[in-house]
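Step one of this worksheet: look at the structure below.
So that the names make sense, note that chain A is the first sequence line, chain B the second, and so on, each numbered from 1.
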2 protein chains.
Amino acid sequence: MAIKRQTATVKLLWEQFEESRDALSVVYLVKHLKVAMNKSTVYRILDRMEESGKLHSFIGKNGLKWYAKCQDCSSENHIDIHPHFQCNGCGKVECLTEEIKIPKISKHQIQLAQVLLLGKCETCLN
Amino acid sequence: MAIKRQTATVKLLWEQFEESRDALSVVYLVKHLKVAMNKSTVYRILDRMEESGKLHSFIGKNGLKWYAKCQDCSSENHIDIHPHFQCNGCGKVECLTEEIKIPKISKHQIQLAQVLLLGKCETCLN
DNA sequence: TTTATATTTGCAACTTGGTTGCAATAGTAA
DNA sequence: TTACTATTGCAACCAAGTTGCAAATATAAA
């Protein structure tokens with residue numbers, strides 16, 4: 001189900017994403033939110049936000065679930081298919097603006113592409 | 001640690017990968033191997049095979065760990081960076097031969113790229 | 001062949017991410 | 001206010017993956 005009511009918890013979670021284009025893992029959110037919030041609540045709100053086209057989700061290098069703000073999505077269309085960069089040093093995940101060309105694969109219908117680049121971020125390089 | 005001894009279990013596991021270019025999830029292997037094998041053993045052997053450059057691993061769409069045969073890797077160099085295709089219908093994962101161009105990202109050092117294409121495979125399309 | 005040594009395995013217990021059912025709470029519209 | 005429905009917290013659960021340790025087994029040396 002998509003977001004129907006603008007509760008305090010929904011607002012608080014949305015604020016976390018509004019500022020940056022970095023992605024946030026659910027685990028991080030559950031641990032570090034200023035107002036403590038039950039983990040099932042966090043999972044459920046993020047889920048609804050994704051269905052509403054406000055967030056998109058993907059799996060990071062260790063199998064953790066990450067969410068980040070969508071740029072131009074709706075509940076019908078998740079067109080915001082950009083690559084993500086995860087730092088092998090600090091673990092941070094960034095959304096990238098670069099476009100990746102996805103090849104056509106014969107006899108396959110491609111619906112979604114998840115590109116995760118792994119390496120060192122600016123901070124960890126120095 | 002890399003593979004040091006050619007045990008029966010190591011051989012059995014390797015046979016699973018030898019035939020096809022499909023990837024296999026650890027969960028699948030633990031459930032379906034003809035000769036039952038403890039799951040920690042499976043995890044450890046696959047781990048060692050990856051370190052030896054015989055297999056590479058990646059995370060599928062549900063956070064499960066998958067392994068597939070390397071083409072030209074060694075324990076020093078995992079150069080076998082190809083995209084994977086996972087079917088949204090049956091869950092099967094294939095290794096693709098198509099090359100994906102990875103853009104340079106300013107102020108970032110990219111060490112690895114994981115590309116997971118999601119869609120319908122040939123069987124599930126018909 | 002036998003012995004010695006280091007690697008590998010099974011087991012059981014554990015850790016952790018994520019899910020679920022249900023009763024209590026809180027938005028929203030009338 | 002009231003009534004209705006969405007949302008939340010809680011506790012219990014499930015499944016993937018990890019770990020420590022004692023027993024088993026491959027391999028090299030004698």
Of the nucleotides dG17(D), dT9(C), dT8(D), which has the atom closest to the I45(B) side chain? dT9(C)
Is the distance between the ring centroids of F85(A) and H108(B) under 6.0 Å? yes
Just to be sure I understand the rule, does K39(B) reach a base, reach only the sugar-phosphate, or reach nothing, if contact means heavy atoms closer than 4.0 Å? base
Do the side chain of H56(A) and the main chain of A68(A) share a donor and acceptor less than 3.5 angstrom apart? yes
Between dG18(C) (P) and Y28(A) (OH): distance, integer Å: 16 Å
In whole angstrom, what separates D47(B)'s CG from dT9(C)'s P? 12 Å
Let me know the distance between CD of E51(B) and P of dT8(C), rounded to the nearest Å. 11 Å
Protein-proximity profile, nucleotides 19-30 of chain D, B/S/- by nucleotide at the 4.0 Å heavy-atom cutoff, equals BB----BBS---
Around E99(A), counting heavy atoms of other residues, nucleotides and ligands shown, do more than 12 lie under 6.0 Å from its CD? no
Report yes or no: do L24(B) and L33(B) belong to one cluster of Ile/Leu/Val/Met/Phe/Trp/Tyr joined by side chain heavy-atom distances under 4.5 Å? yes
Close side-chain approach of I105(A) and L96(B), heavy atoms under 4.5 Å: yes
A side-chain contact here means heavy atoms from C-beta on lying under 4.5 Å apart; do Q86(B) and L116(B) qualify? yes
Nearest-Å distance for atom pair CZ/C1', residues R48(B) and dT7(C): 8 Å
Flag, side chain of N62(A) to backbone of L64(A), donor-acceptor distance under 3.5 Å: no
Indicate whether OP1 or OP2 belonging to dG17(D) is found under 4.0 Å from a side-chain N or O atom of Y43(B). yes
F58(A) atom CZ is separated from dG18(C) atom P, nearest whole Å, by 12 Å
Decide whether V93(A) and L118(A) are clustered together by the hydrophobic rule: side chain heavy atoms of Ile, Leu, Val, Met, Phe, Trp, Tyr closer than 4.5 Å, transitively. no
What does the inter-axis angle of the helix from dT1(C)-dA30(D) to dA30(C)-dT1(D) come out as, five pairs per end, nearest 10 degrees? 30°
Integer-rounded Å distance: dG17(D) P and I59(A) CD1: 12 Å
Hey, is the main chain of E18(A) close enough, under 3.5 Å, to the side chain of K69(A) for a donor-acceptor pair? yes
Near DNA chain C, counting only heavy atoms under 4.0 Å, which residues of residues 83-92 of chain A show up? none
Atom pair distance, as rounded to whole Å: CG in L46(B) and P in dT9(C): 11 Å
I'd like to know if the side chain of S20(A) reaches the main chain of D22(A), judged simply by a donor and an acceptor atom lying under 3.5 Å from each other, with no hydrogens or angles considered. yes
Rounded to the Å, how far apart are M37(A) CE and dC10(D) P? 12 Å
Within a strict 4.5 Å, meaning less than it, do heavy atoms of the F58(A) and V115(A) side chains meet? no
